[in-house]
Novice: 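First the structure, then my questions, so here it is.
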Amino acid sequence: MTVSFALHGIGVSGGIAIGRAQLVSHAMLEVAHYNISARQVQSEIARFEAAIGEVQSELEGLHTAMTSGDVPGEFGAFLDVHWMILNDATLSEVPKRLIAEQRCNAEWALTQQMGALVEQFDQIEDTYLRERKSDVIQVGERVLKRLMGRPGAVRAASAEEQTILVAHDLSPADVIQFKQHHFAAFLTDLGGVTSHTAIVARGLNVPAVVAAHNARQLIRDGEMLIVDGNHHVVIVNPDRAVLAEYRLRQEEFELGRQKLRRLRTKPAQTIDGTHVALNANIELPSDLEQALDNGAAGIGLFRSEFLFLNRDGLPSEDEQFEAYRQVAEGMSGKPVTIRTFDLGADKHKEGLDGLARVAPNPALGLRAVRFCLAEPRLFLTQLRAILRASHYGNVQILVPMLASVGEIDQTLAMIGRAKESLREQNVPFNGSIAVGGMIEIPAAVLAMGAFLKKLDFLSIGTNDLIQYTLAVDRADEAVSHLYDPLHPAVIRLLALAIGQAAKAKIPIAVCGEMAGEIALTRMLLGMGLRHFSMHPAHLLGVKQRVLQSDYGAAKLVVDRLRRVDEPQKLLSMLERLNA
Ligand code: PEP
Ligand code: MG
């Protein structure tokens, strides 16, 4: 007998999906366990040896890339450690013995041995050595991936039967890799609204619910699910009446989506004639199609660090240049804002093993521009690639996580160096390329003078601004109830930033998730915001909202709203503004 029940989480991507659950474990490594015959033992051992050999070549390849210059210093130490682990008998020999003794498949033998090694590491008292556990796991997973063949043990979703992916947690790299599998929805135990995983899931334009706590444990493979991203709910094994109701709601939602498409080419203008630029956020050049399809006025945020995910080496200057040029040309003269690498924090989890380091507090550590300034060769390579692409379109540079004048000056000096080196080589680029800074740290709002003086434009990253203002880790579901875009402090900082930029006549945008929230469009308009950048899937909904709004009326409410301290009063004012 099947039991029907509901799970509540956070809907991070709207829509309704109905389909069968597919459970995946960490990093897609769902390891199968099967027995083999005595005759198969030798070939199974050979398969294991081949996988070890492939990873050895992989590491050698990385070593060559390192000597070619484009790679940060930490990378060398990481490679040495991984090389040693891979060639240690505990990892490369013991599993062979297990295959023979237990007559099991190579993946299972390796997984058992990894488990035993991890246990040994857990008992080590020395903190440094204990932390090498993650290196053992990473090396082991590299071999496992080789054994299993990429992209892992995920069944491709069929066209007839919708499949919903259920995982404990997914890294942004996992989600990107799932793009090709056409899942109907995503459901995870962990995650917050603005975690990068949620952002990427939204990018796939399918419903997603995160922070559903024990979903991975409670749901069984193949069970029927309804994922309602609009109402933050998942229904497991729905009965017929519920299914029928949700099929109806699903149709209505799709119909609404199609109606919005009529607005694609309509200019975004308020009732009282205020023009607004509605730009798209993208992660990869392949997202361009969706941006254009939804009538984006430009690319307001290209999260270039996604070029790093799901790959073994680092992208070369030429490779980056090709990606940036593709976007620049694809937008045919419309602005393309390329954000320099925002590596660090949650993006280090997977797929970025080369740059990973265990930071005590990644969100406050060597992230974004801090990381780039600490790795000047990597930064220069990227800046050269962006500058080269600026010859092929309307490209501008956006620098993430700036907090102080020193960082602005150092970054501008690096851009100067990159320009100089291109000039020396007679490589064409736009010499007066605009350089902007992200406002993501309260310090940047409170001391914005230098930003206004030294930069050509600004873009508020509300995802991080909220995280740093409220001291709430955006990726931690345990504190997600405290993550509040409508906290009076957040509203005041936003109004202050937008007001100061308007006074100095410096263009300012919002490119965090708040920009794509229809319920906040009028509030942001009222603050004086004229540049919004959001996931392409939200563009038409926000445009419809802009078309129905009156700037003058919104301004009057917002002037009062920004002075309100009580959350309840603030909410009711916002409700009235949206009525
Ligand atoms: C932000 O912080 O709001 C932002 C747009 O950048 P990211 O989400 O990539 O940190
Ligand atoms: Mg950010």
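Atoms within a ligand are numbered from 1 in the order they appear, just like the ligands themselves.
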Novice: Have a look at ligand 1 and work out which part of Met534, if any, has a heavy atom under 4.0 Å from it: side chain, backbone, both or neither.
Specialist: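 It is neither; nothing of Met534 touches ligand 1.
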Novice: Does Glu289 have more than 12 heavy atoms from other residues, nucleotides or ligands lying within 6.0 Å of its CD?
Specialist: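 Not buried by this count: 12 neighbours or fewer within 6.0 Å.
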Novice: Find all atoms of ligand 1 within a distance of less than 4.0 Å from any non-hydrogen atom belonging to Arg303, and give their numbers and elements.
Specialist: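 Numbered from 1, ligand 1 contributes 4 (C), 5 (C), 6 (O), 7 (P), 8 (O), 9 (O).
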Novice: Need the ligand 1 atom indices (1-based, order shown) with element for anything under 4.0 Å from a heavy-atom of Arg474.
Specialist: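 Result: 2 (O), 7 (P), 8 (O), 10 (O).
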Novice: So does Phe429 get a backbone contact from the side chain of Arg388, meaning a donor-acceptor N/O pair under 3.5 Å?
Specialist: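 Here the side-chain-to-backbone pair does not exist.
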Novice: Does only the side chain of Asn281 get under 4.0 Å from ligand 1, or the backbone, or both, or neither? Count heavy atoms.
Specialist: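 No part of Asn281 comes within reach of ligand 1.
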Novice: Are Arg339 and ligand 1 in contact, using a heavy-atom cut-off of under 4.0 Å?
Specialist: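 Arg339: in contact with ligand 1 (<4.0 Å).
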Novice: Got a donor-acceptor contact below 3.5 angstrom from the Glu407 side chain to the Ala403 backbone?
Specialist: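 Yes.
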Novice: Is any side-chain N of the basic residue among Asp318 and Arg325 closer than 4.0 Å to the acidic one's carboxylate O?
Specialist: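 A salt bridge is absent here (no side-chain N lies under 4.0 Å from a carboxylate O).
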Novice: With respect to the Mg ion (ligand 2), what is the nearest N, O or S atom of Asp464?
Specialist: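 When I compare the N, O and S atoms of Asp464, OD2 is nearest to the Mg ion (ligand 2).
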Novice: Out of Cys511, Gly300, Ala515, indicate the one that has the non-hydrogen atom closest to atom 5 (C) of ligand 1.
Specialist: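 Answer by nearest heavy atom: Cys511.
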Novice: Heavy atoms only, cut-off 4.0 Å: how does Ile460 contact ligand 1, side chain, backbone, both, or neither?
Specialist: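 Near ligand 1, Ile460 shows nothing, with every heavy atom at 4.0 Å or more.
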Novice: Numbering the atoms of ligand 1 from 1, which are under 4.0 Å from a heavy atom of Leu301?
Specialist: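 Listed by number with element, the hits are 5 (C).
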Novice: Taking the six-membered ring of Tyr551 as reference, does the NZ or CZ atom of Arg530 fall below 6.0 Å from its centre and within a 45° cone about the axis?
Specialist: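 Yes, cation above the ring, under 6.0 Å and within 45°.
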Novice: Got an N, O or S from Glu440 under 2.8 Å of the Mg ion (ligand 2)?
Specialist: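 A backbone or side-chain N, O or S atom of Glu440 is under 2.8 Å from the Mg ion (ligand 2).
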Novice: Give the numbers and elements of all ligand 1 atoms closer than 4.0 Å to a heavy atom of Asp342.
Specialist: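 That gives atoms 10 (O) of ligand 1.
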Novice: Determine whether any heavy atom of Met438 lies closer than 4.0 Å to an atom of ligand 1.
Specialist: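 So Met438 counts as touching ligand 1.
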Novice: For the pair Ser390 (side chain) and Asn430 (backbone), establish whether a donor and an acceptor sit closer than 3.5 Å, ignoring hydrogens and angles.
Specialist: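 Side chain of Ser390 to backbone of Asn430: a pair is present.
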Novice: Would one find an N or O of Glu305, backbone or side chain, under 3.5 Å from an N or O of ligand 1?
Specialist: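 N/O-N/O distance under 3.5 Å: no.
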Novice: Around Lys555, counting heavy atoms of other residues, nucleotides and ligands shown, do more than 12 lie under 6.0 Å from its NZ?
Specialist: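 Check fails, neighbour count at 12 or below.
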Novice: Which ligand 1 atoms are under 4.0 Å away from a heavy-atom of Asp464?
Specialist: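 In order of numbering, the contacting atoms are 1 (C), 2 (O), 3 (O), 10 (O).
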Novice: As an exercise, identify every atom of ligand 1 less than 4.0 angstrom from a heavy atom of Arg367.
Specialist: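 Atoms satisfying the 4.0 Å criterion: 10 (O).
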Novice: Quick one: does any side-chain atom of Glu305 pair with a main-chain N or O of Asp342 as donor and acceptor, under 3.5 Å?
Specialist: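 Yes: the side chain of Glu305 pairs with the backbone of Asp342.
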Novice: Record the part of Met401 in heavy-atom contact with ligand 1 below 4.0 Å; permitted values are side chain, backbone, both and neither.
Specialist: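 Met401 to ligand 1: no contact under 4.0 Å from either part.
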Novice: Please check: side-chain N/O of Ser304 versus main-chain N/O of Arg339, any donor-acceptor pairing under 3.5 Å?
Specialist: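 Looks like yes, one N/O pair under 3.5 Å.
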Novice: Looking at Arg303 and Asp287, is there a salt bridge between them, counting it only when a charged N and a carboxylate O are closer than 4.0 Å?
Specialist: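 Here Asp287 does not pair with Arg303 in a salt bridge, since their nearest N and O are not under 4.0 Å apart.
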